[in-house]
Structures are given as structure tokens and as C-alpha cells.
Protein chains: 2
Amino acid sequence: MARTSSTEGGRKAPSAQGVRQASLTDVAELAGVSHMTVSRVINGTGPVRPETRARVEAAVRELDYRPNSAARTLATGKSETLGVVALDSTLYGPASTLYGIEHAAREAGYAITISSVSRPQRQSISDAVEYLRRQAVEGILVIAPHEAAGQALEFTPRDVPLVAVGAAESAPVPVVSVDQRDGARRATKHLLALGHRTVWHVAGPADWLEARAREQGWSETLEAHDIEAPMVVRGDWSPRSGYEAGRTLLAAGRPTAVFVANDQMALGMLRAFAEAGVAAPRDVHVVGFDDVPESAYYSPPLTTVRQDFIEVGRQAFELLMSRLRNEGTGTRHLITPELIVRESTGPR
Amino acid sequence: MARTSSTEGGRKAPSAQGVRQASLTDVAELAGVSHMTVSRVINGTGPVRPETRARVEAAVRELDYRPNSAARTLATGKSETLGVVALDSTLYGPASTLYGIEHAAREAGYAITISSVSRPQRQSISDAVEYLRRQAVEGILVIAPHEAAGQALEFTPRDVPLVAVGAAESAPVPVVSVDQRDGARRATKHLLALGHRTVWHVAGPADWLEARAREQGWSETLEAHDIEAPMVVRGDWSPRSGYEAGRTLLAAGRPTAVFVANDQMALGMLRAFAEAGVAAPRDVHVVGFDDVPESAYYSPPLTTVRQDFIEVGRQAFELLMSRLRNEGTGTRHLITPELIVRESTGPR
DNA sequence: GTGCACAGTGTTAGCGATAACAGGCATCTG
DNA sequence: CAGATGCCTGTTATCGCTAACACTGTGCAC
């Protein structure tokens with residue numbers, strides 16, 4: 001089609017902000033039909049003669065009509081919107097999960113409203129949920145892998161479907177998560193299989209359920225091999241805390257094998273080791289957790305446990321949808337992680 | 001107050017999903033007033049006798065009333081919701097910006113609806129904007145630092161306020177961004193000041209405006225020193241592409257100074273160098289961009305250019321708000337980045 | 001004591017959409 | 001050819017809220 005210059009531009013994009021959006025009725029008038037007919041054309045409900053349909057569609061284009069979602073929500077009771085309670089962080093895991101959810105939702109035509117919490121406290125999580133309920137969301141996904149989240153969810157109202165991502169097994173709501181304990185067991189076994197007498201552990205924050213599950217998987221594996229678990233060093237997921245943990249470990253007696261609860265801390269620890277002249281894999285074997293994109297390029301490339309966060313997000317969305325449809329399907333999805341072996345546990 | 005056990009619990013959290021949410025009218029009936037009085041109590045508009053107010057508040061609690069935002073939006077024309085077009089990625093920058101925005105918005109009582117795009121194409125960005133408009137957002141923030149975003153924004157409707165984050169200076173909308181060129185100039189000057197005869201550059205994807213601005217800052221600095229710019233090696237922000245760039249550089253003649261367009265690629269490059277026995281800072285000086293939390297723990301710790309993404313998010317939100325209030329304040333905010341010097345450009 | 005201001009409340013009319021039902025006019029069926 | 005059965009369209013009520021205005025009563029100025 002040839003460009004019709006000024007007319008089109010001028011009509012479609014009036015610079016003033018005051019122009020009212022066209023409504024169904026406006027379109028109906030212009031097309032010479034009733035507003036219901038327009039509604040039927042827009043939504044594809046009910047039969048409309050092709051000729052009429054064309055007239056309506058022309059009017060829609062002419063007025064640049066856009067359905068008002070608030071009105072639709074009010075009339076139907078359905079908002080086609082989901083709420084997500086997300087962590088206010090750029091941690092790789094939570095951020096990836098968020099995108100997994102957003103993706104799945106968008107494909108299904110659902111909008112996503114986010115409410116983030118800076119600190120994993122019971123109150124703030126309850127607040128976030130409450131806030132979302134006010135936004136008339138149809139369901140809520142909570143990405144909040146801490147203890148506090150589990151507690152907050154206990155007192156969550158039951159009248160809006162809710163799915164937790166990565167929360168406690170004991171949480172009173174449906175849950176989708178990666179099997180952290182299994183991942184930790186794989187990591188620990190891998191290190192033991194390399195001939196180490198014991199495996200040390202740098203854990204995440206104690207109030208993170210995932211940190212605790214990894215710790216558990218580690219300690220129960222040692223136990224199964226009749227090995228007494230050494231002291232746990234705790235970090236906060238950050239590279240800096242991993243660095244400090246590394247120095248602590250060096251002082252505590254130079255481990256030969258360390259399972260670190262996430263890749264970023266492993267990076268910090270490797271750095272602390274390197275500064276002390278302790279090289280991996282020559283002097284120490286290290287396994288991380290998460291498989292962040294960088295971990296293959298650490299020095300040395302890091303053996304780690306891969307979690308498929310996108311899949312977690314997808315399954316969480318699916319589970320929520322099935323709840324919305326009132327299908328009482330499963331209440332807990334566990335996703336199995338995968339051990340990725342790289343140089344940090346390679347030949348010395 | 002003592003807990004009244006079963007009555008309360010039973011009424012407030014009926015497990016069935018079918019129970020209708022209480023409406024203003026329900027509350028009004030229970031409190032023995034008109035629905036308008038309830039509305040006034042809820043919103044604090046208009047005078048209400050303390051006694052009446054108390055009765056209404058009791059009824060609100062009793063019924064666990066929650067205002068219906070769709071109805072409110074329909075009646076007032078204000079949705080108190082902003083739309084954000086975000087990149088479907090876990091890149092540190094975009095993710096951080098998103099959280100900066102969310103934070104600022106939440107404090108101001110605005111909800112955030114996200115629409116993410118997987119690939120920075122003009123069409124997908126237009127679609128995302130269109131999608132948000134349908135959600136009745138009051139304003140839109142576009143985090144999309146690519147060429148395509150700039151193009152898409154040109155054809156964006158003018159009737160919903162829109163602010164771009166990190167887009168082209170030439171974009172036809174208000175923009176908030178970090179001064180990439182300035183950052184690149186600082187990085188390049190820093191390397192030149194260390195006595196290098198030239199500085200190589202590993203650039204980001206050509207369709208990212210930020211990549212181009214950094215490249216420009218680099219090349220114009222060389223030019224100002226009468227140095228001919230060496231060949232540009234291009235990556236895609238990923239550590240893997242940085243690794244490949246590193247190998248390319250090694251083959252192309254072993255540079256002594258490299259400015260890499262982001263930290264992750266710098267990591268990959270350092271890895272490629274290390275594998276070839278080229279150590280930083282002994283044999284080569286490297287500067288990155290972004291200052292991701294990990295960069296202080298790379299081997300060696302990376303000199304880089306810090307961008308305050310949270311501040312970017314905050315200012316973008318502010319700018320959008322001022323647009324909403326129809327204050328014609330500034331149209332472009334530039335935030336100055338900061339050079340962080342670490343070992344990767346340290347003494348040899 | 002009349003009038004006026006104002007606190008406190010109620011009534012009515014939308015906002016823009018869908019739901020539910022009610023036709024008019026063909027076309028088929030018997 | 002009457003009646004039934006669709007297609008296509010229109011009318012009306014309704015979702016839950018706020019805006020706008022109307023109404024009562026009290027307290028105070030004059």
C-alpha cells in the first residue's frame with residue numbers, strides 16, 4: 001500500500017493527551033451498528049455477517065480502538081493477569097525463574113504484575129501477596145525460597161490460587177522446585193569418588209531453604225559414607241562472602257575438596273585460594289551450584305550443578321493454570337538437576 | 001483481644017473458591033450505611049463521623065473487604081499501574097534496571113506490569129508496547145538498549161507517556177541512560193595512561209546502542225591521541241563470546257591492552273588468555289564494563305566501569321512521573337559512570 | 001428567628017465492557 | 001404453506017466503584 005502521508009499520521013497520533021480513547025460505543029456509532037455487534041467482532045463470539053464485520057473492523061482501525069481491560073475485567077470477573085512475588089535481587093536463579101514465568105504466561109495470553117520484596121521477611125511477603133490480591137490477579141506465584149516465605153504462605157488466604165516456587169516441601173501450598181538435596185548429593189558423591197577423605201561445605205544463608213537443602217544433601221551423603229562432616233562455613237551467596245569463606249577454610253586446615261552452595265561464592269573462594277597459592281584442581285577440588293553462564297569460564301572452569309530455571313518457571317505457571325481450571329492435579333513438582341563436570345574437579 | 005476460634009476462622013477463610021468477594025455494597029449493608037459512606041471511609045475522602053467510621057471499619061474487617069481495582073480504574077480512569085517493556089534476559093544490567101524501576105514504583109504506590117521481549121526486534125517491541133496499552137497502564141518504561149528499540153519507539157503512539165531507558169540519544173522520546181561514551185573514554189584513557197601504544201576493543205553486538213556508544217568512546221579517544229584504532233572484535237555479551245574474542249586477539253597479534261565492552265566477556269577473554277599462558281596484568285591489561293558483583297573476584301580482579309543501574313531505574317521512574325503530571329521537565333537524563341581500578345590493570 | 005455555612009450522609013448517573021435474552025428475517029421441514 | 005430452526009442483530013441489566021449533586025441537621029452570625 002502506498003503511504004498516505006499527513007492525513008493518517010495526523011489522525012492517529014494527536015499529540016494532545018486529552019483525547020479520550022475510543023470506546024465500544026464510539027466504534028458502534030461510526031459503523032452504524034450496536035455496541036454488542038462490535039463486541040462480537042472483537043471477541044469472535046457469536047456470528048456476524050462478513051459485510052458487517054468488515055464495516056466494524058474499518059471503524060476499529062479508523063478510531064484506533066483498543067478494548068478497555070478494566071471494563072472487561074469488571075464485566076467478566078477475569079483479569080487474565082497473574083501476580084508474581086519476586087525477590088528484589090539480581091541473583092541468577094530468581095531472575096531466571098521470573099523470566100521463565102513471564103515467558104510461559106505471555107504465551108498463554110496472561111499479563112504479569114510483579115511485586116518485589118527486598119528482604120525475605122514474613123511480613124513483607126504477606127504484604128506483597130496482599131498487594132497483588134488488590135490488583136485483581138487471578139492467581140499468584142511466589143518466588144521466595146526462604147524460610148520466611150514458607151511461614152508467610154501458611155497464613156495466605158485460600159481464595160486466590162497460589163503456587164510457590166522453590167519453597168519448603170512442607171509449605172501448605174503447591175510447590176515447584178529443583179531437587180536441591182539431590183543436586184547436593186550428586187556434587188558430594190562426585191567429590192568423594194575422586195578419592196577425598198572428606199568434603200567441606202560453604203553454605204548459603206541459613207534462612208534460605210535452598211541453602212539448607214543443599215547442606216542437608218551434603219551432610220547426609222557424608223554420613224552415608226561414614227564420614228564425619230567438617231564445620232560448615234556460611235556465606236550470603238555473594239562472591240565476597242565466598243572469598244571470606246575461602247580464607248576461613250584456609251585457616252581451618254586447607255581442605256582438599258569443597259562443595260560450595262552457589263557458583264558466585266565458589267568464584268570468591270577460588271580467588272581466596274589463588275591468592276594463597278592454593279590452586280584448583282591441583283591442590284583442591286571445587287564444585288559449585290547453579291551453572292551460571294560464567295562458570296564455564298572461571299579459573300579453572302567450575303564443576304557445578306545445573307538447575308533449569310526456565311523449566312521451573314514454566315512448570316510453576318502450568319501448575320497454577322491447572323489450579324485455576326480447578327484440576328486437582330499434583331501438588332508438588334520436583335525437577336532433577338544435573339552435574340556438570342569441568343576442570344575444577346579435573347585431574348591434578 | 002482473645003482469639004475467637006472457629007467462628008472467625010471459618011468465616012474468613014472459606015476453602016471453597018466460589019465465595020464472592022465482598023463489595024462496597026455488602027459492607028454498606030452490614031454497617032447500615034450507604035455505599036458512598038463506605039467509599040469515603042476507604043479512601044479518606046469527605047467527612048465521616050468517627051462513630052460511623054468505626055462501624056464501617058468493623059464491617060470491612062468482618063467481610064475481609066478488598067477494593068476491586070478494575071472497578072476503581074473504570075470509574076476514575078486511573079489505573080495506578082505502569083508498564084515495563086523488559087528484555088527477556090538475565091543480563092545484569094537490564095535485570096538491575098528492572099528492579100530499580102520496580103522499587104521506585106512500589107514506593108510511589110504504583111503497580112508494575114511487565115511485558116518482556118525475547119529478541120530486540122522492532123516488531124516485538126511494538127507488540128509489547130501495544131500489549132501494555134491494552135492493560136490500561138498510565139505510562140510505559142522501555143528498557144531496550146538496542147537499535148531496534150529506538151526504531152520501534154519512533155512509531156509509538158503519543159497518547160500514553162513513555163520513557164526509554166538506555167536508548168539512543170536521538171530517540172523521539174525522553175530517555176534516561178548512563179553515559180556509555182564517557183565510560184568508554186575513561187576506560188580507554190586509563191589504559192593509555194598506563195603507557196600502552198594502543199588499546200584493542202572487544203565490542204558488544206552491533207545492534208545494541210550501548211555497544212556502539214562504548215565503541216565510539218573508545219575509538220574517539222584513540223583518535224584524540226593520534227592512534228589508529230585496531231580491528232574491533234565483536235561478541236554477544238556472553239562469556240563464551242569473550243573467550244572466542246580472546247582467541248581471535250591472540251591470533252591477531254597479542255595485544256597489551258584491551259577494553260572489553262562488558263565484564264562477562266572480559267571474563268571469557270581472560271580465560272582464553274590464561275589458557276595461552278598470557279597473564280593479566282603481567283602480559284596484558286584489561287578493562288571491563290558494568291562492575292558486576294563478581295568482577296572483583298575474577299582472576300585477576302577486573303578494572304571496570306561501574307554503572308548505577310538502580311539509579312537509572314529510579315530516575316526513569318521519576319521522569320515518567322513528571323510526564324504523567326504534565327510537567328515538561330527535562331527530556332534526557334545522563335548518568336555518569338565511574339571507573340573502578342583493580343588488579344587487571346595493576347602493576348606488572 | 002432568619003439565613004448561611006458546613007459536617008455528614010444519601011441518591012443517581014455514569015465508566016466500558018459482557019451476559020442474557022428478545023426479536024426479525026431467511027431457510028428449511030413436513 | 002405453517003411452523004420450526006437457525007443466523008444475525010439489538011436491548012437491557014449488571015459488574016463495583018467514584019463523581020456530582022441533593023438533602024438533612026446543627027451551630028453560629030446577624
**Request:** For DNA chain D, note the earliest and the latest nucleotide, 5' to 3', having some atom under 4.0 Å of a heavy atom belonging to chain A.
**Result:** D:dC8 to D:dG16

**Message:** I need the residues from residues 69-78 of chain B with at least one non-hydrogen atom less than 4.0 Å from DNA chain C; give them sorted by number, or say none.
**Reply:** B:Leu74, B:Ala75

**Message:** If you apply the rule side chain to side chain contact (heavy atoms under 4.5 Å, CB included), what do you find for B:Val27 with B:Val41, and how did you get there?
**Reply:** CA-CA 11 Å; B:Val27 176; B:Val41 169; over 6 Å; no

**Fill in**
Only residue of A:Glu311, A:Gln315, A:Glu318 satisfying side-chain hydrogen bond (donor to acceptor under 3.5 Å, both in side chains) with A:His333 is A:Gln315

**Asked** Quick one: what's the B/S/- string for nucleotides 7-12 of chain C, heavy-atom cutoff under 4.0 Å, read 5' to 3'?
**Response** SBBBBB

**Asked** After noting the C-alpha distance and the side-chain angles of B:Arg40 and B:Arg53, does the key distance pass the side chain to side chain contact (heavy atoms under 4.5 Å, CB included) rule?
**Response** CA-CA 9 Å; B:Arg40 282 189 264 258; B:Arg53 173 184 307 278; over 6 Å; no

**Message:** Using the rule given for side-chain hydrogen bond (donor to acceptor under 3.5 Å, both in side chains), can you reason through A:Thr81 versus A:Thr113, listing the C-alpha separation, both sets of side-chain angles and the distance that settles it, and then say yes or no?
**Reply:** CA-CA 7 Å; A:Thr81 297; A:Thr113 290; 5.4 Å; no

**Prompt:** Salt bridge between B:Glu80 and B:Arg72, side-chain N to carboxylate O under 4.0 Å?
**Reply:** no

**Request:** Answer yes or no on whether A:Arg314 is positioned over the face of A:Phe309, meaning its NZ or CZ is under 6.0 Å from the six-membered ring centre and within 45° of the axis.
**Result:** no

**Request:** Would you indicate whether the side-chain heavy atoms of A:Leu162 and A:Leu141 approach each other to under 4.5 Å?
**Result:** no

**Message:** Would B:Arg106 pass as a cation-pi partner of A:Tyr131, given that its NZ or CZ must be under 6.0 Å from the six-membered ring centre and within 45 degrees of the axis?
**Reply:** yes

**Request:** List the steps and the verdict of side-chain hydrogen bond (donor to acceptor under 3.5 Å, both in side chains) for A:Tyr110 and A:Glu138.
**Result:** CA-CA 10 Å; A:Tyr110 272 78; A:Glu138 289 183 29; 3.2 Å; yes

**Asked** Heavy-atom distance under 4.5 Å between the side chains of B:Leu87 and B:Pro145, does that happen here?
**Response** yes

